[in-house]
*Asks:* 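Pasting in a structure now, in structure tokens, and then I'll have a few things to ask.
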Amino acid sequence: MWQKYSSRLPASCNKQTISEPNRKMIKFFLMVNKQGQTRLSRYYEHVEIHKRTMLEAEVIKNCLSRSREQNEMAVYELIHNFVEVLDRYFSRVSELDVSFPVSPPIHLSFSIMFNLDRVHIILDEMVLNGCIVETNKNRILAPLFVLDKMAES
Amino acid sequence: MSDVVERTLSALPGLLGQHDPGAGPGGGPGRFSATSRLGSLIRSITALSSKHEEEKLIQQEQTNLKATVSAPTTTLRLMKECMVRLIYCEMLGYESSFGYIHAIKLAQQGNLLEKRVGYLAVSLFLHENHELLLLLVNTVVKDLQSTNLVEVCMALTVVSQIFPREMIPAVLPLIEDKLQHSKEIIRRKAVQALYKFYLIAPNQVQHIHDKFRKALCDRDVGVMAASLHIYLQMIKKNASGYKDLTESFVTILKQVVGGKLPIDFNYHSVPAPWLQIQLLRILGLLGKDDPRTSELMYDVLDESLRRAEINHNITYAILFECVQTIYTICPKSDLLEKAAKCIGKFVLSPKINLKYLGLKALTYVIQQDPNLALQHQMTIIECLDHPDPIIKRETLELLYRITNGQNVTVIVQKMLDYLRQSKEEYTIINLTGKIAELTMNAVFSVGGDVMHPDIPNNFLRLLAEGFDDEKEDEQLRLYAVQSYLSLLEEEDTFYPQKFLQVMSWVLGEYSYLTNDGDPEIIITRLHRLLKQTFVTSETKAWIMTAITKMSSRMSCSKTVDKLIQEFSTSLDTCMRQYAFELKHLCENKELMKKLLPLDASCDEIMVDASLSFLDGFVAEGLRCGAAPYKPHHQRQEEKLSQEKGDMSSSGFTGRQSPAGLSLGSDMSGNSAEIGQKETNCLKLDGVRKLWGKEGYLPKKENKTGKEDKTQPVPPDSILMGHVVDPPLMQSEQQVVSLSEEEKEKKQLASTLFVGLGSNSSISLMGRADTINQKLKKKSKISETQNSEEASSFQNIATLPFSPLPDTAPNNKENFQGNEHLGLRKVSLSSSEVLEASVSFDTSQSLREAGLDEKLSNCRLSTSSLFADSNIEVFQPPKTVPDIVARKAPLSLCLPEELAGHPHSEIVELCSCDILTVYSCKVWTDDCSLLVLFVANNSTSPLKTVNLVFETTEHFKIFESLSCHFPVIEAQSMESCQKCVQLEKVCTEGILSGSISYHLDMDTHLEFSLIFSLSDFIRPMKITTEDFGRLWLSFSNDVKQNIKMSPSQGSLSIALNALKQKLKLHIVEIIGNEGIAACQLLPSIPCLLHCRTHARTLALWFRSSCSALPDSLLYQCQKMMEES
């Protein structure tokens, strides 16, 4: 599914499920693999857990429902940036599963899957409250590198 | 048991025998490990094939986890791992609330990474009002005070993600302190936390607004950028409060755009693109409706546009934002022009995402400037057939924005087609996709209940008021009825409420149009709806009204009777009332028919305020148990209390909406509610201007048929055209090669875009003509002229001495030059084809002006002969400067190629015994030529005659300031020509120069001549539409009232005088108003709007050049005084 729409801009929100549509720029962040399985989800507005799966299904199907006042290209590139950051962090390419619409294609699936916590920590540095708060790769990764270092020692 | 499962799971990866990425290189121990428990979980879930299996597996996993997390022996390290697994489970949609408290504990007790995962889990698991969140506050406070920066960071991160509102005071002072921290990351995160507080409790951070300012001025980019989020929100709420910061934002953006940030803020060599976007958004909000503030940002916006040259998506994102900002703030013509160009680039791009962005920008921009849609109409049409459904959808959205009374049928038709074609895809996309089988319902089904309430109103109004064509109306209505009926056939389908309301109104109003539909069946279907639980009482009211309307057209109906019976005992008072009303009406068919006339939804009904005629009815109603009259305020109160009480939002709310639609609900004697005047057409307030005046103008329309009739070009003219004029030939070919398909598209375009571009400030300009018409007209003109030219060219070619064939190549250049240089700038928002035709027209108009001059100075019969044979259409060679013209006969005459142009008399400039210099100004379309004749009066040849002009600030002379004649034979004459351009706008200026020659000794003669502004003014032949468009885009204007002498009489006399003297092109005169256009060479347009009243002529000039209107006004005044 993802690949099918991979050349397209990302879905950004579904107004029906989320109140106060104008407040947040980004309402949730989803990573989904080709089979439609969720690989990471982070909500910037509270959505009840059983509604989330429905929403996600909807989004994956939709990939089309985009809100009016969003600059999708900017969001698209944000995802791109996120992938680049992940790539830099894991600095290792694995073959399976999640393929992002980037060239050259980067496959990060296992790293992402098995390091869910770290991916979340990275994402938290980039997006907070639905706002893009940091896009500088060095700065995004700095806190996590510190944590890793401390954990090793 | 659980142990067994656990072991099995961890063994799974091995069993699956797939590659094990965990073994690869990685960071620390356990990092990237697939052999971890999370890894096994993921692997086994990925391997499953059914949802049921997944549920089972997760349940097992959760039981496991539950046991592990609550075991006292569980280490924090294991706990951390459990948390990640819990996060995974929740992500898949399985609630794991048993782990929440452990997440908080982990955040409390864990060391760094464990603590971070604890915080992470908390922020993922809990929502803002979760009670467990309070347990986190202490941990946060402790960590905020920690000496370990990593812990401070974590605490700040979690605070900016999730924090209980009531506990803000506990941490606020700590966070404020962090604003002064030496590390940028701490300051940045502190600002982010404050942003969170601002979002959830703006009052609590009211007192630290000055600290936000400090953050904005922080030496670190990250901190500054973080503060922008706060500012964006605050400015959204109250832009006027932050105007003083505009310059700061502009400066910041300038620095960012100028590449002043550290290099690691670059993203694909674009400096901090998201920051730029954020700043652009802020600027847009600040500059909106505020010319002074907008003024401050023009420069930086221009720079942003200019700098964004790399071909990368992120650049497009910036450009898109930039364009939006430019169109949001107070307009500036050249920026708009650039933005429009940018949109054009996007829209025309083959890249799907870019095209989408372009369409979106166009959709936005169209609200400001509908003309832009005209420019891209063909692209828009093509996009309608684009294979990508989103592009299509966006196009429809765009069309929706430009819908007016004239094009609505076509647009609705297009939407219909779209939905039919994309039926399958649509069902995939939208769960309620079945609704989409309908045409106009597209809008409703897509938008559903969230759409703006005036959309259905608009639609109904459209349906009710119809268009000019009664037959068309009927078809549309019939179509609506049929489609809705088929929709209702399916039982238990969920439809948005608004949609149901629209359906029921349409059925109630127009179901009589169907021949096949038994009203009984329709009523049955509506009746079924009434019993559905998802139907709100407001919708029920609509349905009841529809049933009432329909039953008035039937003698009796079992269903209606059943319905009355059913709802007479309904608990819903409103429904009960409806039932009673219906019952009484059914008993009195006479009255009912009178009350509910057929298709009268648009008729205004004047209602007797006292409703005396209803007294009897009211009494009867009361006797029969209808609700007694209650005063308005009382009902209002009831309504409020009912709403509060969340009782099934009783009747009164429900009754409000359909009240405007039908009289059925207003029957019960609630006269106060109805007021003095009740119309039973739709509520119109709040309806978009979309349906404004123009929309209902009588159809002007669309002569596209003519377009198709473009005559085939005579073969010989094609042949000749090939030699003569490539640009023209191109346009010709375009005409010729218009395939059927293209024609169709054009036709479609004209129907879609009809009525657009007619919104301009001046009444005169409000005339809607489609560009297409103009286009077609033009192409015809060019065609005929082309053939004329061709033949004249033929004539010329046969003349043995004619220099013209030589100049043909020059002509070519000239034409192109003209097109590129001048008019592209002029007609800023018209299509290129139009440009070409406008440029062509100027030559024509000049001829027109030239004829006015009567060519009185043409002394030579040959030249007048040429003039007659249309030679002036042949563009004059662009002087071919410095080329000494051929030998002229001794009598003074202009070179043939110039003679056809309007020119001044040939006058003596200076002279001595030996030599005389004559001058003549030739006003060609694209330049002012100065032709100088140097006559040798002596009997011996003159050698090295040099003519030199002095440099002036006002004029520019091409190509050089001098002209050199090696030798001038005795008793003969040489000439040279110079193209003069006005460099600095002035009303009059002196051009001086000198001529020197050598005969026995060096002699030096000086001369000077006057050029006035009018020498450089040319008519600009544009249409009223173009005029309107240009008018709006020019910012420099001058107004003046001039007294008219009685002899000047009417406006047209005055304007004609101006036309002759100033070479204006009169665009249109209507009554006492007139518009005219001219251009200052090479291509600065100036527009004139004038109006006469009581012996005064009010002149109003506008131009893109600031000095031009003033000077032109002066010329006008002078001229009016003279005449």
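Just so it is clear, the values below take in all heavy atoms, side chains as well, and ignore hydrogens, waters and symmetry mates. In what follows, chains carry the letters A, B, and so on, assigned in the order in which the sequence lines appear, proteins first and then strands, with residues in each chain numbered from 1. In this text, all values refer to a predicted model and were calculated from it rather than measured experimentally.
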*Asks:* If you count heavy-atom pairs under 4.5 Å between each of B/L112, B/I314, B/L232, B/L124 and chain A, which one has the most?
*Replies:* B/L124
*Asks:* Is there side-chain contact between B/W274 and A/E77, with at least one heavy-atom pair below 4.5 Å?
*Replies:*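 A side-chain contact exists here, since the closest heavy-atom pair is under 4.5 Å.
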*Asks:* By a 4.5 Å heavy-atom criterion (distance strictly below it), what part of B/K189 contacts chain A: side chain, backbone, both, or neither?
*Replies:* side chain
*Asks:* Below 4.5 Å from any heavy atom of chain A, which atoms of B/Y119 appear? Answer side chain, backbone, both or neither.
*Replies:* neither
*Asks:* Is there a side-chain contact between B/F125 and A/I49, using heavy atoms and a 4.5 Å cut-off?
*Replies:*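 B/F125 does not reach A/I49 side chain to side chain.
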*Asks:* Of the backbone (N, CA, C, O) and the side chain (C-beta and beyond), which part of B/H229 lies under 4.5 Å from a heavy atom of chain A, both, or neither?
*Replies:*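 The answer is the side chain of B/H229.
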*Asks:* Please flag which part of A/V133 lies under 4.5 Å from any non-hydrogen atom of chain B: side chain, backbone, both or neither.
*Replies:*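 Both parts, heavy atoms under 4.5 Å.
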*Asks:* Among A/H120, A/E125, A/R139, which has the most heavy-atom pairs under 4.5 Å with chain B?
*Replies:*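 Among the listed options, the one with the most contacts to chain B is A/R139.
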*Asks:* Under a 4.5 Å heavy-atom cut-off, does chain A meet the side chain of B/I185, its backbone, both or neither?
*Replies:* side chain
*Asks:* Tell me, side chain or backbone of B/I277 under 4.5 Å from chain A's heavy atoms, or both, or neither?
*Replies:*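 Contact with chain A involves the side chain of B/I277 alone.
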*Asks:* What I want to find out is whether B/E90 reaches B/R85 closely enough, with some N-O distance under 4.0 Å, to be called a salt bridge.
*Replies:* no
*Asks:* Heavy-atom pairs under 4.5 Å with chain A: which of B/L92, B/N313, B/I42 has the most?
*Replies:* B/N313
*Asks:* Check whether any side-chain heavy atom of B/L106 lies under 4.5 Å from a side-chain heavy atom of B/M83, and answer yes or no.
*Replies:*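 Contact flag for B/L106/B/M83 side chains = yes.
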*Asks:* Please walk me through it: do A/Y89 and A/F145 pass ring-ring contact (aromatic ring centres under 6.0 Å, His included)?
*Replies:* CA-CA 9 Å; A/Y89 179 71; A/F145 279 141; 5.8 Å; yes
*Asks:* Any side-chain heavy-atom pair from B/T315 and B/H268 closer than 4.5 angstrom?
*Replies:* no
*Asks:* Does B/R77 come within less than 4.0 Å of B/E114, counting only side-chain N to carboxylate O?
*Replies:* no
*Asks:* Between B/K80, B/R188, B/H312, B/E95, which shows the greatest number of heavy-atom pairs under 4.5 Å with chain A?
*Replies:* B/R188
*Asks:* Check each atom of B/F265 against the heavy atoms of chain A and say whether the ones under 4.5 Å are side chain, backbone, both or neither.
*Replies:*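 Looking at B/F265, backbone and side chain both touch chain A.
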*Asks:* Check each atom of B/V150 against the heavy atoms of chain A and say whether the ones under 4.5 Å are side chain, backbone, both or neither.
*Replies:*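 Interface part for B/V150: side chain.
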*Asks:* State plainly whether the residues A/K137 and A/E84 are in salt-bridge range, i.e. N to O under 4.0 Å.
*Replies:* yes
*Asks:* Identify which part of A/N138 has an atom lying under 4.5 Å from any heavy atom of chain B, answering side chain, backbone, both or neither.
*Replies:* side chain
*Asks:* With a 4.0 Å cut-off, would you call A/D124 and A/R42 a salt bridge?
*Replies:* yes
*Asks:* Is B/M154 in contact with chain A via its backbone, its side chain, both, or neither, using a 4.5 Å heavy-atom distance?
*Replies:*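 Side chain only.
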